[in-house]
Amino acid sequence: MSQRDFYEVLGVSKGASEAEIKKAYRKLAMKYHPDRNPDDKEAEEKFKEVQKAYDILSTPEKKAAYDQYGHAGVDPNMGGGGFGGGFGGGGFGGGADFDINDIFSQMFGGAGGGGGRSRQPNYQGADLRYDLAISLEEAAHGVKKKITFATYEECDVCHGSGAKAGTEPVTCHTCHGSGTVHIRQAIFQVQQTCPTCQGSGVEIKDPCVKCKGHGKVRSSRTLEVNVPAGVDTGSRIRLSGEGEAGTHGAPSGDLYVFIEVKEHNIFQRDGMDLHCEVPIGFTTAALGGEVEVPTIDGRVKLKIAPETQFGRKMRIKGKGIKSLRSSSVGDLYCHIIVETPVNLTERQQELLEEFETISTGQERSQTPRQKSFMDKLRDLFD
């Protein structure tokens with residue numbers, strides 16, 4: 001059966017950097033990991049395919065061989081004897097002793113033979129995400145929240161070893177504990193993850209009854225999260241080591257808490273500043289006065305100047321949201337809404353009609369916006 005291109009398996013281009021290759025691998029390995037896809041043979045095969053592709057492309061000497069010869073350069077079943085006998089005995093003249101691994105040791109830093117450094121895959125636990133919704137008040141002042149989430153924790157029976165109580169994992173008989181094996185490919189040898197232990201270097205002959213040899217079990221955890229003042233939607237809190245447990249005692253992953261600040265029924269947030277509408281009667285707008293307005297910390301008095309117009313924006317300094325990274329605090333902006341009275345009594349109607357009567361003929365400087373509008377109409381039609 002033909003093999004897929006390793007770059008295609010990881011979803012990266014041939015010119016991808018080491019960091020891009022590693023990022024693609026971690027994403028796919030997490031997606032297809034057997035612990036996340038129990039009894040899913042297709043996911044298991046894809047996980048193995050991803051592991052193999054990463055093993056080749058993350059190792060400089062293997063990647064160089066693959067880029068030059070394709071699968072034939074890294075697969076022992078393809079073209080293995082193509083150069084057989086060419087370097088035998090005194091093939092380079094003079095009958096001197098010759099070791100092909102010496103050449104590859106110089107070219108690739110010792111990986112051609114047995115002198116290379118073994119690479120064992122990283123079995124650190126997966127990172128987790130938790131979405132936490134909080135109120136605007138909680139975001140402004142900070143809050144402690146208890147969260148409960150599903151995760152994998154270290155097995156309390158085998159303490160992460162995966163082996164049955166009273167037994168221990170044994171050194172892998174295939175790789176002898178190195179986690180890798182060397183396979184001859186054409187004229188050189190390449191290093192691959194051990195197929196028996198999958199790179200761990202150990203075998204579990206008698207698995208733990210509770211975790212079935214995985215070293216971790218599915219469970220539910222509850223933690224208290226300290227949410228600092230000033231967070232906003234999209235803020236992220238990292239809890240180091242609170243993610244899934246690693247395999248066979250490896251370090252745990254991290255837990256990332258993503259914040260969502262719920263909409264408020266009075267305030268609208270703009271970074272560190274808050275905005276709200278403040279309705280006032282037309283008498284207060286004309287004559288001035290004081291009104292009570294809400295802030296994130298409680299109520300305060302706001303002085304309304306005489307002749308205040310609809311839409312005026314008034315600032316209350318320091319009544320916004322505290323900065324997440326400094327001691328700065330935003331402001332509260334009150335948008336004045338002059339409200340027209342409704343459901344008038346007869347007496348109120350009489351007074352308004354009287355007001356209209358005595359206003360007739362007065363200078364239109366009392367209604368500057370109306371004057372400006374009428375002037376524009378005159379210019380348009382006259």
Side-chain angles (χ1 to χ4, degrees), residues 3-37 43-71 73-75 104-112 115-130 151-152 178-183 185 188-195 197-201 234-258 325:
Q3 298 186 61
R4 283 207 297 159
D5 178 77
F6 289 145
Y7 290 101
E8 180 185 340
V9 171
L10 295 183
V12 298
S13 63
K14 192 170 183 179
S17 66
E18 181 180 347
E20 290 172 330
I21 291 173
K22 184 176 182 179
K23 181 179 180 181
Y25 162 71
R26 285 176 62 87
K27 181 179 179 180
L28 293 173
M30 188 179 299
K31 179 179 180 181
Y32 295 118
H33 197 283
D35 288 345
R36 292 194 166 191
N37 303 273
E44 182 179 349
E45 291 303 317
K46 287 185 177 180
F47 179 74
K48 291 178 180 179
E49 185 181 40
V50 168
Q51 287 270 45
K52 184 175 181 180
Y54 179 68
D55 181 65
I56 298 298
L57 300 183
S58 65
T59 310
E61 58 270 20
K62 295 182 187 180
K63 185 174 182 295
Y66 180 71
D67 288 345
Q68 185 170 1
Y69 300 109
H71 291 291
V74 294
D75 192 333
F104 285 96
S105 179
Q106 297 174 20
M107 292 175 62
F108 301 123
R117 180 169 58 89
S118 297
R119 293 180 67 258
Q120 294 194 24
N122 184 3
Y123 285 92
Q124 179 173 326
D127 294 337
L128 298 179
R129 169 175 177 155
Y130 187 94
T151 183
Y152 280 98
S178 68
T180 59
V181 292
H182 294 86
I183 301 176
Q185 307 286 348
F188 51 89
Q189 293 184 22
V190 294
Q191 182 176 281
Q192 293 183 346
T193 301
C194 176
C197 67
Q198 298 299 316
S200 68
S235 295
R236 186 180 71 173
I237 301 171
R238 175 173 173 257
L239 301 178
S240 181
E242 300 293 353
E244 287 188 0
T247 303
H248 304 314
S252 298
D254 299 330
L255 172 65
Y256 290 90
V257 179
F258 283 77
R325 295 178 177 83

Only counting residues at least two apart or in another chain, list the ones meeting side chain to side chain contact (heavy atoms under 4.5 Å, CB included) with [X].
X	answer
E18	none
K22	R26, Y54
S252	A245
S13	A16

Point-to-point distance, once rounded to the nearest 0.5 Å, from [atom1] of [X] to [atom2] of [Y]:
X	Y	atom1	atom2	answer
N37	Y32	CG	OH	9.0 Å
Y25	D55	OH	CG	9.0 Å
Q51	L28	CD	CG	11.0 Å
R238	Y256	CZ	OH	4.5 Å

Please say which of L239, T151, I237 ends up in a side chain to side chain contact (heavy atoms under 4.5 Å, CB included) with L255.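 Testing each of L239, T151, I237 against L255, the sole residue satisfying side chain to side chain contact (heavy atoms under 4.5 Å, CB included) is L239.
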
Which residues pass the salt bridge (charged side-chain N to carboxylate O under 4.0 Å, His left out) test with [X], sequence neighbours left out?
X	answer
K23	none
K46	E42
D67	K63
E44	K41, K48

Which heavy atom in P195 sits nearest to a heavy atom in V181, and how many Å separate them?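 Distance-wise, the nearest heavy atoms are CD-CG2, 4.2 Å.
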
Over all atoms of both residues, closest heavy-atom pair of E20 and V12: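 In this case the closest contact between E20 and V12 is O-CG1, 4.1 Å.
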
L128 vs E244, side-chain contact (heavy atoms from CB on, under 4.5 Å): CA-CA, chis, key distance, verdict: CA-CA 7 Å; L128 298 179; E244 287 188 0; 3.8 Å; yes

Counterpart residues, ring-ring contact (aromatic ring centres under 6.0 Å, His included), relative to Y152 (two or more places apart):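 ring-ring contact (aromatic ring centres under 6.0 Å, His included) check on Y152 returns nothing, list empty.
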
Can you run down the salt bridge (Lys or Arg N to Asp or Glu O under 4.0 Å) pairs that involve residues 5-14, sequence neighbours left out, and say none if there aren't any?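 The answer is R4-E8.
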
For D254, does its backbone N or O pair with a side-chain atom of D127 as donor and acceptor, under 3.5 Å?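 Yes; at least one donor-acceptor contact below 3.5 Å.
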
So, does Y66 use its side chain to make a donor-acceptor pair with the main chain of F6 at under 3.5 Å?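 Yes: the side chain of Y66 pairs with the backbone of F6.
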
4.5 Å side-chain heavy-atom contact, K31 and F47: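 No - every pair of side-chain heavy atoms lies 4.5 Å or more apart.
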
